[in-house]
Structures are given as C-alpha cells and as structure tokens.
Amino acid sequence: MSVPVPHIPVPHAASRSYPVRGMNVTDHRFTVPLDHSDPDGETITVFAREYSDAELSAAEVQDLPWLLYLQGGPGGKGSRLLQFGGWTKAASKHFRILMLDQRGTGLSTPADQQTLPLRGDAAAQAAYLARFRADSIVADAELIRQALGSGPWSTYGQSYGGFCTLTYLSFAPGGLKECLVTGGLAPLTGPADRVYEATFRRVAARNAEYFSRYPEDREATTRIARHLESVPEFLPTGERLTVRRFQMAGSYLGGNTRVDGLHYLLQEAFVPTPDGDRLSATFLEAVHGLVSRAANPLYAVMHESIYGQGEATNWAAERVLQSFPEFEPTAPQPLYTGEMVYPWYFDEDPALIPLRETAELLARKSDWGPLYDTAQLARNTVPVAAAVYTDDIYVDRDLSLETAAAVQGLKVWESADFHHDGIADDGEAIFTRLLGMVRGADG
C-alpha cells in the first residue's frame, strides 16, 4: 500500500520575514507524522524556506501562487539562495518559491550518521528510514500545502525531485496545478537493475567523449589508478584513497558546467617529493570533497531504495557492474563511475561506516510499497512538462521517454545541449520554456 494522502491540520510556525539581496525570506516549520498511516503517532519536523521578490508589497506577495521546489537527491536539502538567479530569477516573477528540506535533510528533523543511533540498532534505523521515500515526501508536501492555505500548487522537480513529482501525480494529483521536471523521469516499473544497465552504458559513452576531448587525461587517469595500487595515499580524514573511490570523480562527467573541472583536477594530481612523485594535497582535498558523504549520507543509504517496488534492490549497481568490466578498478584503463552506490562505500567512507548494517538491511528489504500508480498516470489531467537530456548519465534518456509516454498529457522537450546539471547551465531559459509548455506554448 502507498502512504495515504493526509487531510489533517498540522502545527505550523513561520519566522519573521527578513531581506536577503533583493529577496524576502521566511522560514517555515511544520510538524508532520513520521508515519502518515498513523497520524496520531510519532511526529517529525519538516522545514521549508519561502522566497519572494523584495520589490513586491506584502499584499502582492500574498496574491502570488506557490511554487514548490523538489530538490534532487535522495538526501538533498533545498537550495540556500543568496540572491535570485537562473531558474529562481524566472520563477520569482510568477511565484512565491518554497524550498523544501525533504524529511531527514537540512533543518528538518535530521537523519544521519550522528542522529540515527538515537533510533536504536540497525534494524530500528532501517525501519525508520523506510518512511523517508518519495511517498512520504509527497504526503508531507500535501500537509504543508494545506497548512499554507494554498489551493493546488505548481511544482518544479529536478532529478530525484522529478521522481517525487511522479509520485505526487500518482497519489495526490488534486494538490497539483502544473508540474515542471528537469532530468527526473523515473522508470515506473521494473527492477533497479535496468536502471544501472542503461546508466553504465551512458557513463561509458561519456568517458569516451571526455577522453576524446582531453586525450592526455586517459594516461593521467591510468597513472593515478596504478599509483594508488602501490603507494598509500590518504585523504584529509585519514583513510586510504583506493582506486575505486578515486573513480567516483566521474561525478564531474554529469554536467556541462562541471566536466572541465575534472581536467583541471587531474592537472594538479602529482607533485615531486623526497619520496618521489606523490598525489598533491590540493588533489587529495578536492577528491575528498567529491567522494565524502558526510554532508548527505542519505544519498548513499537510500539511493537504490528509490527504485524499490515490491522487491529488494540487493545492491543492483554492484551486480550489474559485473557485466561492465571496463569500470573495474583493475581494468587496464579504468573508467570513471557515475552516481552508482556500492556496498563498499560503507567500508571506506568514515561517514558511512556507522550505517553499514542499516544500509544492508534496506538493500535486502523486499516489501517496499508502490511509488507510482500507473493507472492514475495513464489518465493524468495535470499539465506536466519535462526536460529530457539526451546524454544524461544519471537519468537515462530512453527510460525517461518510456515514462513520459505512460503519463497522459506529459509534454517532453528533449535537448542534447545540456547534461544533468542543465538548470545550473541555463536555468532561466529552461524554466521559462517548461512553464510556457504547461501553459500551452509549444515544446
């Protein structure tokens, strides 16, 4: 059974509004049930931050409709705006923007390596986190919408936020006026394996594209991998850097605005020392920032669960990897990886080691409820527009188009000009185009 859509009043506290560089900002805290099927049971806090144009009067702001932003993730908190720019600049002309800290993140009741032991042992922690998926996030959003006194509102979902949008359209479409999605059309059915079979292929193609662009980096990457096999190098947190963890620098490949950063990183890899060439402190510090999950452990712990429906995921990425030996750290010329999460993360990342058993229990959990109602999506009446990026290494283009075809009325704009970070590249234009599409303009 899916999490029931709530229709109960919830406590809501709002801060005074305060100015930040052309914005009026208000902090909101909502008290919601931990388990939406038990509205009288334990509660948690969900935080959201409201942004509106400071040039508008209070009365004008009150007349603006709400736009709920659903952040990527899982485990990502809402964006902390310092000023309007990109898509938020475009959105602020039409909406009051609500940035949601999805349950467990940011200023919502935290769920991380420090706080989860308060729940008890690994089994208790896993049972707790089972209530932190898209269905619960959507149920939170509906309570928040009602608490704010909003009618059906608009939503904008980036990446995992698009997955949450599909769940919203499945189980609470009455709360939605229109939905925008960028890089976030999840497969509606099937095991997690098919996701990774598709994404491994796209990541391999992206590696080939990258090394064609920077051919000297093929040798540099292999040199670093072979060096790490024979020479102990340590990250700032004290653990040894392994080849497979270094391969996680492939996160750079997921974007137009970041891909060149990998080249700059590799240029600074080695420095001469009395003991011969060693990896530089600059390089090791930068790699640590890429591979540590200290700031968002839920991303690793919950990652494969976002695909779980009626069966265990059982570390799908690790199993599928066996069919792609070019990604093995021992490959003659190992490739960079993408967003895949493997069980060894919980052996090598100090922030994840305390959550190893919890993650294992979630990987073995086989009684996940449905995240989507395909019959409801097939008769959808809410206007939806989605940007699908042709070469997206995180959310596969073919699986995205399969999902788009299953949602009645969903309009697709496919583009090869952007990667997964399209909204960081030209968010204003992308948002404006999608908003026009849901409101009748051609895609």
Side-chain angles (χ1 to χ4, degrees), residues 6 8-32 43-73 76-110 136-162 164-165 168 172 175-182 423-424 427-428 431-432 434-435 438:
I8 57 171
V10 297
H12 166 218
S15 74
R16 65 173 180 83
S17 294
Y18 53 96
V20 178
R21 300 197 68 184
M23 304 181 297
N24 278 328
V25 183
T26 307
D27 297 344
H28 297 268
R29 287 175 169 83
F30 306 87
T31 302
V32 303
T43 61
I44 59 173
T45 297
V46 172
F47 175 86
R49 182 166 281 139
E50 172 190 351
Y51 298 92
S52 61
D53 190 332
E55 293 185 0
L56 301 177
S57 68
E60 289 172 322
V61 170
Q62 290 295 321
D63 286 340
L64 284 175
W66 287 97
L67 173 74
L68 174 68
Y69 180 63
L70 294 165
Q71 174 75 16
K77 64 185 178 183
S79 302
R80 269 51 178 166
L81 301 184
L82 300 178
Q83 63 182 17
F84 287 132
W87 77 263
T88 61
K89 180 180 179 181
S92 66
K93 299 173 183 177
H94 307 278
F95 299 101
R96 303 163 73 177
I97 301 170
L98 192 68
M99 291 284 185
L100 178 66
D101 282 357
Q102 297 169 10
R103 52 171 54 200
T105 74
L107 291 174
S108 296
T109 299
S136 295
I137 293 168
V138 166
D140 292 342
E142 269 299 276
L143 287 180
I144 290 169
R145 181 183 66 81
Q146 294 161 24
L148 292 173
S150 174
W153 59 5
S154 305
T155 65
Y156 180 22
Q158 157 67 11
S159 189
Y160 178 62
C164 294
T165 301
Y168 214 146
L176 298 171
K177 175 184 176 182
E178 59 197 2
C179 300
L180 314 182
V181 174
T182 47
I423 62 170
E428 186 172 5
F431 181 90
T432 299
L434 293 178
L435 186 63
V438 296

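In this chain, numbering begins with 1 at the start of the sequence shown.
Between atom CD of residue Gln83 and atom OG of residue Ser92 there is a gap of 11.5 Å, rounded to the nearest 0.5 Å. One distance of note links CG of Leu56 with CD of Gln62; it measures 11.5 Å at 0.5 Å rounding. Distance CZ/Arg96 to CG/Asp63: 9.5 Å, rounded to 0.5 Å. To the nearest 0.5 angstrom, Arg21 atom CZ is 8.0 Å from Leu82 atom CG. The NZ atom of Lys77 sits 10.0 Å away from the OG atom of Ser79 when rounded to the nearest 0.5 Å.
Between the side chains of Tyr18 and Asn24, no donor N or O sits under 3.5 Å from an acceptor N or O. Side-chain contact check for Ser17 and Thr26: at least one donor-acceptor pair (N or O, by modelled atom type) lies under 3.5 Å. Between the side chains of Tyr168 and Glu142, at least one donor N or O sits under 3.5 Å from an acceptor N or O.
A 4.5 Å side-chain heavy-atom check between Gln71 and Gln158 finds every atom pair outside the cut-off. Using a 4.5 Å heavy-atom cutoff, the side chains of Leu180 and Phe431 are in contact. Looking at heavy atoms from C-beta onward, Leu435 lies in side-chain contact with Glu178 at the 4.5 angstrom threshold. Between Arg49 and Leu81, the closest side-chain pair of non-hydrogen atoms is not below 4.5 Å. At least one side-chain heavy atom of Ile97 sits under 4.5 Å from a side-chain heavy atom of Trp87. With a 4.5 Å cut-off on side-chain heavy atoms, Thr155 and Arg145 do not count as touching. Side-chain atoms of Leu148 and His12, non-hydrogen and from C-beta on, do get closer than 4.5 Å to each other. The side-chain heavy atoms of His28 and Glu50, taken from C-beta on, include a pair separated by under 4.5 Å.
The aromatic ring centroids of Phe95 and Trp153 lie 6.0 Å or more from each other.
Across every non-hydrogen atom of Lys89 and Phe84, the tightest pair is CA-CB, 4.0 Å. The two residues Val10 and Ala147 have their closest heavy-atom pair at CG2-CB, 4.1 Å. Here the shortest heavy-atom pairing between Ser159 and Gly72 reads CB-CA, 4.1 Å. Scanning both residues, Cys164 and Ile137, for their nearest heavy atoms gives SG-CD1, 4.2 Å. Taking every heavy atom of both residues into account, Thr182 and Leu434 meet most closely at CG2-CD1, 3.6 Å. Taking all atoms of both residues into account, the shortest heavy-atom contact from Ala48 to Phe30 is CB-CE1, 4.2 Å.
A donor-acceptor pair is defined here as one N or O able to donate and one able to accept, closer than 3.5 Å; such a pair exists between the side chain of Glu60 and the backbone of Ser57.
Using a cut-off of 4.0 Å between Lys/Arg side-chain N and Asp/Glu carboxylate O, Asp140 and Arg103 are scored as salt-bridged. The pair Arg80-Asp101 meets the salt-bridge criterion, with a side-chain N (NZ, NE, NH1 or NH2) lying under 4.0 Å from an Asp/Glu carboxylate O.
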Evaluation steps, side-chain hydrogen bond (donor to acceptor under 3.5 Å, both in side chains), between Ser108 and Thr45
CA-CA 5 Å; Ser108 296; Thr45 297; over 6 Å; no
Any chance you could lay out the side-chain contact (heavy atoms from CB on, under 4.5 Å) test for Thr88 and Tyr51, step after step, and finish with the verdict?
CA-CA 9 Å; Thr88 61; Tyr51 298 92; over 6 Å; no
